[in-house]
There are 2 protein chains.
Amino acid sequence: MRKRKGAGRPTIADVAAQAGVSSITVSRALRDPQKVSERLRAKIDKAVRALNYIPDTHASALASSRSNVVAVLVPSLTNNVFSDTLRAIYDALDASPLQVQLGNSRYSATEQERLIGIFLSQRPTAVIVSGIDQTPAARKMLEEANCPVVQIMETGPDPIDMMVGFSHYQGGRAAAQHLIDQGYRHIGFLGARMDPRTTRRLAGFRRALEDAGMFDPDLVKTTTTSSSVTLGGVLLRELARHRPDLDAVFCNNDDLALGALFGAQKAGISVPDQLGIAGFNDLEMMQAACPSLTSIRTDRYGIGRHAVNMIQAVLEGTPPPEKIIDLGFDLQMRQSSDRRHILASGPA
Amino acid sequence: MRKRKGAGRPTIADVAAQAGVSSITVSRALRDPQKVSERLRAKIDKAVRALNYIPDTHASALASSRSNVVAVLVPSLTNNVFSDTLRAIYDALDASPLQVQLGNSRYSATEQERLIGIFLSQRPTAVIVSGIDQTPAARKMLEEANCPVVQIMETGPDPIDMMVGFSHYQGGRAAAQHLIDQGYRHIGFLGARMDPRTTRRLAGFRRALEDAGMFDPDLVKTTTTSSSVTLGGVLLRELARHRPDLDAVFCNNDDLALGALFGAQKAGISVPDQLGIAGFNDLEMMQAACPSLTSIRTDRYGIGRHAVNMIQAVLEGTPPPEKIIDLGFDLQMRQSSDRRHILASGPA
DNA sequence: TTGTAGGCGTTATCAG
DNA sequence: CTGATAACGCCTACAA
């Protein structure tokens, strides 16, 4: 008489009975076949197939206090920037027994905090979290989580544990400097969402223009709504109408840059002669566009790969020498901001 | 003397001791606060905070044989098509205690089968799986999983359990018919990846052209490599070079369509007059492009929302009346295939 | 409303 | 190499 019913599925005990061995032998045969004689192993495999046995992750995790879960938190599922990093994480974890538990924090620090709480209750093997702007409570939870933690996408001082990314401030600064170098003089900024990383890109942009004595707050056009190609066109049109002297824009990201290009084309503004455009991230489409679009190339796949590498190194007892990895970025100059032909022939 | 060490974290028993109650009372206070008196609840809450207690998901799942996990399998993390659906799933599950376990099958049926096996070992509450082309073994596992299963993105006969999507065959056919109706006569097909859904779009395309007596296998240009904007340009250039009479292309997806547009622009081919272009899915950028791009609009967000609704309905004991939901599609005609000005003024 | 007893399926520990 | 036993942390069932 059972006092309680489980899920009704076959358990290790059922397999053991069928194979005529003890359950611990089945457990071993499944986890580490070499530890079991070939004869028993064959019997066990047969029983497993006959019963269609599937091990219970939860029982295993409870008994071993190991979960094989790597918690991953990103702020968006639709932003291509994160999908490249996610793909790298899935690729890197593919060969290992580790599973990804993915959370979408929607660009909200409090939502991220909530998800961290939920995810930690799964006793994850490691945590990968986007950004460096965790709430104090979230930070505390992660510090006490007693597992490797990697903050990704960005670098900064004072990591919770480990970190891999690059400086968005420097990225924004480099983009602005490039436009200055190309001879543009009334350079605008188009920004959407305005999350912490976007804000730091704007800070870098501002710094470069200030150093050149040409920062004009009136040329900064931002919105907190989410980014899109359409929005890029809208922001450009509004800014260009308000400030006809605008001659270049640095866009927060590549979607906006593509939208700005389309917007310019619709308005009959020639790129790069009348308007220079630079984006951020260098999505694949940037080089295919007509004209091709300048962007700051970031190694998003590398970020995911390094994050997993760092975690695996720690788990293997050989923690990486550096707690912080800065993968940097590269400015990819393309047609949309290339005025070398003009610069070469002297001022107009 | 402990015979075995757990993770070392505080357990419900620790909280109970600290609060001076029994552990079951703590358990209840956490799950269903109304069942515990306010006085004890306050004590317990205090103890939880003091100890920084985090419940153990695995112990809970084992004891209750409920896991709160919804397994979701998609073929790609970088394809925007799936990110919209995923976002819907995360949004819909947000209010519930259910967690998403996401798997990336990389457009491989055998990889999907492998992941299904892994995921079922978590005893998921429900499974959402992309496509209708599961391997026989995968299908069998899902049929025996004893939980709601929803196949998404596509409709077809013989669902494993439930289904929500639309007909890619009809979508391809509608796109081709539209191009025919606009007066194009040498209509090509650009396809990447050639996964089952792409193949069915091509079948629909072919059918429409055959019905019109104008199908030409020589105008079908496909590759099994993954899709990209750049690839769209490459495929268009190759096809146009080989067949100068080409006057329209239906692209497998919107990335290819955008790439085809850029490719045409680079080659000095005017769209839509010399070349009509239609894509598939109607990503946001299509309406923003210059010229704007025709596409088959699909309700990807709706697919995710319906999938979760169906699951929740079953869990609540009120299974949906229809096992199969066809969300259909809409042709969005835009500038890239709009020849009404030509049709109106008669044949050239 | 609160508590007692015991099991969920697996694995760590210790013997043989 | 194999097995008996007792946890892992929580929850169901039943009782008070």
Side-chain angles (χ1 to χ4, degrees), chain A residues 1-44 47-48 51-69 97 120-123 146, chain B residues 1-44 47-48 51-68 97 120-123:
Chain A
M1 197 71 178
R2 298 240 291 274
K3 290 196 65 177
R4 205 165 159 182
K5 58 168 202 342
R9 305 186 188 220
T11 71
I12 262 197
D14 298 325
V15 176
Q18 172 109 13
V21 298
S22 73
S23 33
I24 187 63
T25 304
V26 176
S27 175
R28 279 197 274 253
L30 262 29
R31 277 177 300 156
D32 198 351
Q34 304 170 339
K35 289 195 158 183
V36 172
S37 69
E38 197 164 332
R39 204 174 55 82
L40 291 189
R41 213 189 313 150
K43 278 186 175 179
I44 290 169
V48 164
L51 295 175
N52 221 322
Y53 169 74
I54 298 180
D56 186 309
T57 302
H58 301 295
S60 170
L62 177 60
S64 64
S65 57
R66 271 183 277 100
S67 77
N68 287 352
V69 166
L120 288 184
S121 75
Q122 297 184 45
R123 310 281 126 106
N146 197 29
Chain B
M1 199 67 179
R2 300 238 290 271
K3 291 196 68 177
R4 203 167 162 180
K5 49 137 220 8
R9 303 182 189 227
T11 71
I12 262 196
D14 298 324
V15 176
Q18 172 109 12
V21 299
S22 74
S23 32
I24 186 62
T25 304
V26 176
S27 174
R28 280 197 273 253
L30 262 30
R31 277 177 299 153
D32 197 351
Q34 304 171 337
K35 290 193 159 185
V36 173
S37 69
E38 197 164 331
R39 205 174 55 82
L40 290 189
R41 212 189 312 150
K43 276 186 175 179
I44 290 169
V48 164
L51 294 175
N52 223 322
Y53 169 74
I54 297 179
D56 186 309
T57 302
H58 302 294
S60 168
L62 177 59
S64 65
S65 58
R66 271 184 276 100
S67 77
N68 288 352
L120 288 184
S121 75
Q122 296 184 45
R123 312 281 127 106

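Order of the sequence lines sets the chain letters (A, B, ...), proteins ahead of strands, with each chain counted from 1. Please read these numbers as outputs of a predicted model, since none were measured by experiment.
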Query raised in the report: With sequence neighbours excluded, what pairs up with A/T57 under the side chain to side chain donor-acceptor pair (under 3.5 Å) test?
Result: B/S121
**Report entry** Residues within residues 14-21 of chain A bordering DNA chain D, heavy-atom distance below 4.0 Å
**Finding:** A/V21
Query - Protein-nucleotide distance (B/R39, atom CZ; C/dT2, atom C1'), rounded to Å - result: 11 Å
Report task. Tell me which residues in residues 22-38 of chain B put a heavy atom below 4.0 Å from DNA chain D, sorted by number, or none. Result -> B/I24, B/S27, B/R31
Query raised in the report: What are the two closest heavy atoms between A/V15 and A/V26, and how far apart are they?
Result: CG1-CG1, 3.8 Å
Report summary line: Heavy atoms of B/L51 and B/P10 approach each other most closely as O-CG, 3.4 Å
Requested in this report: Could you tell me which non-hydrogen atom of A/Q122 sits nearest to which non-hydrogen atom of B/H58, and how far apart they are?
Outcome: O-NE2, 3.1 Å
Query raised in the report: Listed by chain and number, what are the side chain to side chain donor-acceptor pair (under 3.5 Å) partners of A/S37, not counting sequence neighbours?
Result: none
Report summary line: Residues B/P55 and A/R123: closest non-hydrogen pair is O-NH2, 3.5 Å
Query raised in the report: Which residue pairs pass the side-chain hydrogen bond (donor to acceptor under 3.5 Å, both in side chains) test when at least one of the two sits in residues 10-19 of chain B, sequence neighbours left out?
Result: none
Query - Residue B/T11, side-chain atoms from C-beta onward, closest of D/dG9, C/dA12, C/dG9 - result: D/dG9
Report summary line: Rounded to whole Å, CD1 of A/I12 lies from P of D/dG3 at a distance of 13 Å
Report task. Measure from CD on B/Q122 to C1' on C/dT10 and round the result to the nearest Å. Result -> 15 Å
Query raised in the report: How many Å lie between CG on A/L62 and P on C/dG9, as a whole number?
Result: 12 Å
Requested in this report: Take the C1' atoms of the five end pairs on each side of the helix from C/dT1-D/dA16 to C/dG16-D/dC1, get both axes, and report the angle to 10 degrees.
Outcome: 20°
Report summary line: Contact check, residues 51-60 of chain A vs DNA chain C, heavy-atom distance under 4.0 Å, returns A/Y53, A/P55, A/D56, A/A59, A/S60
**Report entry** Atom pair CG (A/L120) and CZ (B/R9), whose distance is rounded to the nearest 0.5 Å
**Finding:** 6.5 Å
**Report entry** Separation of atom CZ in B/R9 from atom C1' in D/dC10, rounded to whole Å
**Finding:** 16 Å
Query raised in the report: Counting only N and O atoms by type, is there a donor-acceptor contact under 3.5 Å from the side chain of B/R41 to the main-chain atoms of B/P33?
Result: yes
**Report entry** Contacts of type side chain to side chain contact (heavy atoms under 4.5 Å, CB included), residue B/A59, not counting sequence neighbours
**Finding:** A/L62, B/D56
Query raised in the report: Does some side-chain heavy atom of B/V36 sit less than 4.5 Å from a side-chain heavy atom of B/V21?
Result: no
Requested in this report: Please name all residues satisfying side chain to side chain donor-acceptor pair (under 3.5 Å) with B/S67, sequence neighbours left out, ordered by chain then number.
Outcome: none
Query raised in the report: Got a sec, which residues hit side chain to side chain donor-acceptor pair (under 3.5 Å) with A/S60, two or more places apart in sequence or on another chain?
Result: none
